[in-house]
Amino acid sequence: MLVVEDLTVEQKLEILSDAAKYDVACTSSGVERKGKNGMIGNTAASGICHSFAADGRCISLLKILFTNECIHDCKYCINRRSNDTLRTSFTPEEVCDLTIQFYRRNYIEGLFLSSGVRRSPDETMEQIYITLKLLREKYHFNGYIHVKGIPGASPELLEAVGFLADRMSLNLELATADGLKQLAPGKSREKILLPMRQIQKGIHGQRMLLTDGKAETRPALPGYETGYGQKESFGSGLSGAPAIGDAQYPAMRKKQDFVPAGQSTQMMVGATQESDYQILTVAESLYRSYELKRVFYSAYVALNEDSALPQPGTKPPLLREHRLYQADWLLRFYGFQASELLSEDKPNFNMYLDPKCEWAIRHLEYFPVEINKAPYDLLLRIPGVGVKSARRIVRARRSEKLTFENLKRIGVVLKRAHYFITCNGKMMYRTQIDEDYITRRILELDRKKNWELDYNMTFKQLSLFDDRNFA
């Protein structure tokens, strides 16, 4: 492992932004364009990624690793200890300076900060804490900050960072404990799930404080306390430090929110033999038990030579990743359960049909549905009917009998929905309610889109936040 210290900030940015690209949650622009006379705006390729806010706005983020040094030797990771890769690290001041300079140039609106594990989880998490504290208190940066938590770091550090970040995430990486043990022997499910539970409890505690109307004061961890220009050592560690909440530490700020944007995680797809059913079941459990905002799915990009992994050059399973995102959407907003979409007997999705269509075709006993009478929960299960259009249908049919022309104006995708609905007792076309017939027709609709997804020819960006505000 070649560690290089005497690099410029620009050289570090090139290395550490490239090393961060495998952390899913937003989409890198890959574009570099300088400002021109008579034109507004500019863009930089290194470290800039884009996502969407809940209200639909495109958000630009500086996406970097704090360090690509790592004590772990995870087989799937490009930054694993055994790889012969150029290593470097930012200092807290360098991350702050980059963030502020990029913000002033209107490159970004926030920061996405992840990291390898340098020397120990606590040492790395301390450096991230210092960085965020400087950004919030010295530079008064009020923009969005997403931080990747370090499994194994002390609860005190995790809590301190949680009061400075907007969102935190700990990557589960693999759906099963066996898969994690096989590919990442230095990690364990317990080390990942324990801080997830802590973040969940912290968010609940914050809600209770807000409900009670109490002002909250929070103590700071030691370090950078006698002036921001003074670099104090954190090498002594926090193992003997008093816990957060101890009265001897001075309060930093009042009425701070703890991880106000919630927490998320990421699971790889295709690195091991886990089925879609296993992955989706774990995601469902995380949503229910840990109240995660998002589970991100990352098609494994084969880069490392290892007998336990797909060989380099293997095409990433992009279409499979897309089906998991569609199914995830059904879990979160459409009232489906993982056991309805898949089972141990049928553990993987059909790559050529979206999960909602596949479910509907397998359950034709529920169809066709009379659109003027069907309850809201059943409307959500009709292919081509989304959450917004289902609500519009319920509202509109209070005052009139809906026709297919009304549904088109409401936003129903009739080329998909007409196989499964009737309006006033009639179908849109003469249609066979037959599994093979409907499957062939829908496959014809989706053939081009599936090809584009499978060959990475789509430009749809993932959302870092909740993609729609359904509340």
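A quick note: this is a predicted structure, and the numbers were derived from the prediction, not measured. The residues of the chain are indexed from 1 along the displayed sequence.
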- line: Distance col, row Leu330:CG vs Glu284:CD, nearest 0.5 angstrom, shows 11.5 Å

- prompt: Could Lys75 and Glu305 be called an ion pair, given the rule that one side-chain N must be under 4.0 Å from one carboxylate O?
  reply: no

message: Would Lys346 and Glu358 count as a salt bridge (charged side-chain N to carboxylate O under 4.0 Å, His left out) here? Give the steps.
response: CA-CA 12 Å; Lys346 186 188 177 301; Glu358 187 180 3; 2.5 Å; yes

task: Check step by step if side chain to side chain contact (heavy atoms under 4.5 Å, CB included) holds for Ser120 and Ile71.
output: CA-CA 7 Å; Ser120 73; Ile71 62 174; 5.6 Å; no

field: Donor-acceptor side-chain pairing of Asp73 and Ser82 below 3.5 angstrom
entry: yes

- prompt: Is the side chain of Lys356 donor-acceptor paired with the backbone N or O of Leu380 at a distance under 3.5 Å, no angle test?
  reply: yes

Side-chain donor/acceptor of Gln101 to backbone N/O of Leu98, under 3.5 Å: no

- line: Heavy-atom closest pair (Ala327 atom, Leu341 atom, distance to 0.1 Å) is CB-CD1, 4.1 Å

query: Hey, are the side chains of Leu174 and Met267 touching, using non-hydrogen atoms and a 4.5 Å cut-off?
result: no

task: Given side chain to side chain contact (heavy atoms under 4.5 Å, CB included), test Asn304 with Ile78 step by step and report yes or no.
output: CA-CA 7 Å; Asn304 294 332; Ile78 192 65; 3.9 Å; yes

- prompt: What do you reckon, is OH of Tyr103 surrounded by more than 12 foreign heavy atoms closer than 6.0 Å?
  reply: no

message: For His146 and Phe112, take the angle between the two ring planes, folded into 0 to 90°, and tell me which bin it lands in: parallel under 30, tilted 30 to 60, perpendicular over 60.
response: tilted

- request: State, to 0.1 Å, how close Ser275 and Arg320 come at their nearest heavy-atom pair, and which atoms those are.
  value: C-NH2, 3.6 Å

- line: What one should report as the nearest heavy-atom pair of Phe66 and Ser115 is CB-OG, 3.7 Å

field: Side chain proximity check, Tyr297 to Val295, heavy atoms < 4.5 angstrom
entry: yes

- prompt: Do Leu286 and Leu193 pass the side chain to side chain contact (heavy atoms under 4.5 Å, CB included) test, and can you show the C-alpha distance, the side-chain angles, and the key distance before you say yes or no?
  reply: CA-CA 9 Å; Leu286 290 172; Leu193 295 177; 4.2 Å; yes

query: So how far is it from His322 NE2 to Leu318 CG, rounded to the nearest 0.5 Å?
result: 11.0 Å

query: When rounded to the nearest 0.5 angstrom, what distance separates CZ in Arg197 from CD in Gln263?
result: 9.5 Å

message: Please give me the minimum heavy-atom distance between Leu135 and Cys96, naming the atom from each residue.
response: CG-SG, 3.7 Å

message: If you define the side chain from C-beta out and look only at heavy atoms, does anything of Ser169 sit under 4.5 Å from Thr265?
response: no

query: Any sub-3.5 Å donor-acceptor pair from Glu94's side-chain atoms to Thr91's backbone N or O?
result: yes

query: Hey, are the side chains of Ile192 and Met196 touching, using non-hydrogen atoms and a 4.5 Å cut-off?
result: yes

task: Verify, without hydrogens or angle tests, whether Arg323 (side chain) and Phe349 (backbone) share a donor-acceptor contact under 3.5 angstrom.
output: no

- prompt: In Å and rounded to the nearest 0.5 Å, what is the CZ to CG distance from Arg87 to Leu7?
  reply: 14.0 Å

- request: State, yes or no, whether a side-chain contact exists between Leu13 and Ile64 at a heavy-atom distance under 4.5 Å.
  value: yes

- prompt: Would you say the side chain of Val269 lies within less than 4.5 Å of the side chain of Ser298, judging by non-hydrogen atoms?
  reply: no

message: If you count every heavy atom of other residues, nucleotides or ligands that lies below 6.0 Å from Lys201 atom NZ, does the total exceed 12?
response: no

- request: Apply the test side chain to side chain contact (heavy atoms under 4.5 Å, CB included) to residues Arg80 and Cys70: give CA-CA distance (whole Å), side-chain angles for both, the deciding distance (0.1 Å), then the verdict.
  value: CA-CA 6 Å; Arg80 65 182 183 180; Cys70 196; over 6 Å; no

task: Evaluate whether atom OH of Tyr287 has more than 12 neighbouring non-hydrogen atoms of other residues, nucleotides or ligands under 6.0 angstrom away.
output: yes

query: Does any N or O in the side chain of Glu109 come within less than 3.5 Å of the main-chain N or O of Leu61, such that one atom is a donor and the other an acceptor?
result: no

message: If we ignore hydrogens and angles and just use 3.5 Å, is the side chain of Asn348 paired with the main-chain N or O of Asp276 as donor and acceptor?
response: yes

message: Check whether Thr314 reaches the backbone of Pro310 with its side chain - one donor and one acceptor, N or O, closer than 3.5 Å.
response: no

query: Going by distance alone, is a donor N or O of one side chain under 3.5 Å from an acceptor N or O of the other, for Ser89 and Arg118?
result: yes

Nearest heavy atoms of Gln182 and Ala308, plus distance in Å: NE2-CB, 3.7 Å

- request: Examine distances only and state if a side-chain atom of Asp306 and a backbone atom of Leu183 form a donor-acceptor pair shorter than 3.5 Å.
  value: no

task: Report the distance from atom CG of Leu170 to atom CG of Leu172, rounding to the nearest 0.5 Å.
output: 9.5 Å

- request: Assess whether atom CD of Gln311 is packed by more than 12 heavy atoms of other residues, nucleotides or ligands within 6.0 Å.
  value: yes

message: Taking the cut-offs as 6.0 angstrom to the six-membered ring centre and 45 degrees off its axis, would you call Arg294 and Phe296 a cation-pi pair?
response: yes

field: Distance in Å, Glu156 CD paired with Met125 CE, rounded so as to fall on 0.5 Å steps
entry: 12.0 Å

message: When you compare the side chain of Thr281 with that of Leu342, does any pair of heavy atoms fall below 4.5 Å?
response: no

task: In plain terms, say whether Arg416 and Asp354 are close enough for a salt bridge, that is, a side-chain N and a carboxylate O under 4.0 Å apart.
output: yes

- prompt: So do Ile145 and Leu164 actually touch side chain to side chain, heavy atoms under 4.5 Å?
  reply: no

field: Carboxylate-amine/guanidinium contact Lys293 Asp166, below 4.0 Å
entry: no

message: Quick check against the 3.5 Å criterion: does Gln326 have a side-chain atom that pairs as donor or acceptor with the backbone of Glu321?
response: no

- prompt: Are any of the side-chain nitrogens in Glu340 or Arg381 under 4.0 Å away from the carboxylate oxygens of its partner?
  reply: yes

statement: For Phe141 and Gly110 the tightest heavy-atom approach is CZ-CA, 4.1 Å

query: Would you find a donor on one side and an acceptor on the other, under 3.5 Å apart, between the side chain of Asn171 and the backbone of Glu173?
result: no

message: Apply ring-ring contact (aromatic ring centres under 6.0 Å, His included) to residues Phe163 and Phe258 and explain how you reach the verdict.
response: CA-CA 5 Å; Phe163 278 105; Phe258 183 82; 5.1 Å; yes

task: Apply salt bridge (Lys or Arg N to Asp or Glu O under 4.0 Å) to Arg104 and list each qualifying residue two or more places apart in sequence or on a separate chain.
output: none

